[in-house]
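Single-structure report; data block below.
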Amino acid sequence: MKFVSTRGGEKVSGARAVVQGLSANGGLFVPEKFPAVSDKEFDEMLEMSYPERAAKILSKYFDEYDSKELLSACEKAYSKFEGTDPAPLVRLDEGVYILELFHGPTCAFKDMALTVLPYLLRKGCSMCGINEEILVLAATSGDTGKAALEGFKDADGVKIAVFYPNDGVSKMQKLQMCTQDGSNVNVIGVKGNFDDCQSAVKEIFSNESYAEELKKHNVMLSSANSINFGRLAPQIAYYFSAYLDLVSSNQIEKGEEIDFTVPTGNFGNILAAYYAKRMGLPVRRLHCASNLNKVLTDFFRTGVYDVRRELYKTTSPSMDILVSSNLERLLFEISGRNSKLTAKRMAELKSEGKYSVTEEERQKIAEIFDGGFAGEEDCVEAMYDVFIDTGYTMDTHTGCAMKVAVDWFEKHKKDETKMVIVSTANPYKFPQDVLYAVTGNDVKDSFKGIKRLHAATAMAVPKCLKELRDKPIRFTKTADKRKLFAEVLEFVKNK
Ligand SMILES: *Cc1c(COP(=O)(O)O)cnc(C)c1O
């Protein structure tokens with residue numbers, strides 16, 4: 001399978017797409033076509049374990065990788081998850097399910113892909129004959145950073161630097177990153193928001209003189225953000241797996257269409273659901289849930305993507321994003337794979353802070369996607385209602401998705417399509433906000449929050465969060481968003 005850039009020009013192998021992360025012209029790599037899952041393969045997958053299902057999906061895109069190796073990489077990756085199933089489906093109510101993607105080593109759904117990406121990258125480098133040291137850069141709204149650090153720590157021939165918005169992540173997220181161990185890692189707080197981090201990192205990728213400079217030090221850049229196709233591919237697998245679980249537990253009939261509601265920031269998670277649909281998974285609609293930063297909600301309604309607005313800091317920080325990078329991949333598909341038009345729209349976004357799609361394109365998108373958002377109180381209410389009605393505790397990001405799903409149910413009372421709500425983080429990652437939602441109690445300290453939340457819910461506290469309390473802080477540095485390359489260079493030189 002070959003990969004092309006959403007902005008035209010390049011055509012590369014899967015290995016190359018992963019290693020490079022971003023196309024040289026700033027576009028994102030997308031598969032040349034969507035591989036299909038046949039009926040026979042679908043039946044075979046019913047019997048498979050999660051790692052087997054994941055390896056099967058990966059092998060469709062990364063057909064030049066050895067399939068046995070892919071399987072052992074997936075087995076190794078998902079053995080790091082707590083419990084027997086890395087992506088369990090919980091039945092909340094009649095026809096409503098939660099897909100829990102937070103049982104990995106850092107308690108957020110980013111682990112589903114970032115435990116596998118190091119293998120795809122390392123193997124990709126050897127297949128492409130790359131001898132340089134790889135420097136992975138990641139901009140993070142909180143969860144990618146930690147998951148990438150865990151995935152890449154102490155990996156041979158790789159260094160990783162993470163940039164997070166200094167005042168834009170939760171206390172727990174910051175603590176998780178700043179206490180990271182490993183000899184090849186660096187964590188830097190950026191004075192700015194996530195969009196500043198992401199655009200500064202993208203700038204570093206597309207600056208040729210920076211690449212030259214790094215080459216002198218025998219270093220090549222790669223990305224751990226969902227702009228990297230190697231991040232997206234493992235995410236497609238859990239949509240298949242959730243569907244297969246519904247079939248094998250007789251909750252749905254094979255072929256029956258279902259809906260997903262996905263808490264969305266950079267549009268990576270929900271795009272993977274769209275890719276699953278394009279591969280033949282019977283998905284009817286995708287509900288894109290935002291928080292107060294509802295650029296996407298407005299886009300689905302009006303066809304205008306307009307980031308000229310204030311970025312709100314919310315209790316779902318991993319969704320505090322205005323520029324959702326992966327939407328570029330959807331635009332590319334919806335425009336009939338028109339790379340010139342996609343490039344033009346992205347240039348407009350950069351220069352004018354907005355672009356629009358045609359009414360015809362907007363309707364095409366609306367056949368599959370709709371968007372909704374949750375204000376801060378809406379999110380609290382949704383979490384509280386579920387807790388009171390069912391005893392289930394969810395995190396703030398999933399709370400936003402819950403609100404959007406409930407709005408859909410209210411508006412479509414006769415709709416019997418089953419709904420899967422994607423849960424992206426362990427509630428203990430945001431203990432104070434979750435505690436407030438389910439009990440009304442306010443505590444200042446995160447660990448007191450954990451203790452009280454445990455008392456209120458009896459949910460097990462994940463070890464990786466409990467032990468943070470005693471870990472020494474290793475990283476305290478902050479940098480100006482215009483000076484991130486200097487930080488990168490310093491890190492590179494510092495052998
Ligand atoms: C990253 C993240 C999201 C947003 O996912 P995207 O793929 O960026 O849309 C939502 N919730 C949590 C907890 C996250 O970490």
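First listed ligand is number 1; within each ligand, the first listed atom is number 1. On a predicted model such as this, the values are computed, not experimentally measured, just so you know.
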Checking side chain to side chain donor-acceptor pair (under 3.5 Å) for the pair S324/N266: CA distance, chi angles, key distance, verdict? CA-CA 4 Å; S324 300; N266 223 359; 5.0 Å; no

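Taken to the nearest 0.5 Å, the CG atom of N326 stands 8.0 Å off from the CZ atom of F267.
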Would you tabulate the polar-atom pairs, meaning N/O of ligand 1 against N/O of the protein, with distances under 3.5 Å, reported to 0.1 Å?
{"residue": "ligand 1", "atom": "7 (O)", "partner": "G268", "partner atom": "N", "Å": "3.2"}
{"residue": "ligand 1", "atom": "7 (O)", "partner": "N269", "partner atom": "N", "Å": "2.8"}
{"residue": "ligand 1", "atom": "8 (O)", "partner": "N266", "partner atom": "N", "Å": "2.7"}
{"residue": "ligand 1", "atom": "9 (O)", "partner": "G265", "partner atom": "N", "Å": "2.7"}
{"residue": "ligand 1", "atom": "9 (O)", "partner": "N266", "partner atom": "N", "Å": "3.2"}
{"residue": "ligand 1", "atom": "9 (O)", "partner": "F267", "partner atom": "N", "Å": "3.0"}
{"residue": "ligand 1", "atom": "11 (N)", "partner": "T424", "partner atom": "OG1", "Å": "2.9"}
{"residue": "ligand 1", "atom": "15 (O)", "partner": "K110", "partner atom": "NZ", "Å": "2.6"}
{"residue": "ligand 1", "atom": "15 (O)", "partner": "D143", "partner atom": "OD2", "Å": "2.4"}

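Using a 30° and 60° split on the angle between ring planes, Y355 and F299 fall in the perpendicular class, above 60°.
By the 6.0 Å contact criterion, CZ on F475 is enclosed, its count of non-hydrogen atoms from other residues, nucleotides or ligands being greater than 12. Shown here is Y312, whose OH atom has no more than 12 heavy atoms of other residues, nucleotides or ligands within 6.0 Å.
Ring pair Y392/F387: centre-to-centre distance not below 6.0 Å.
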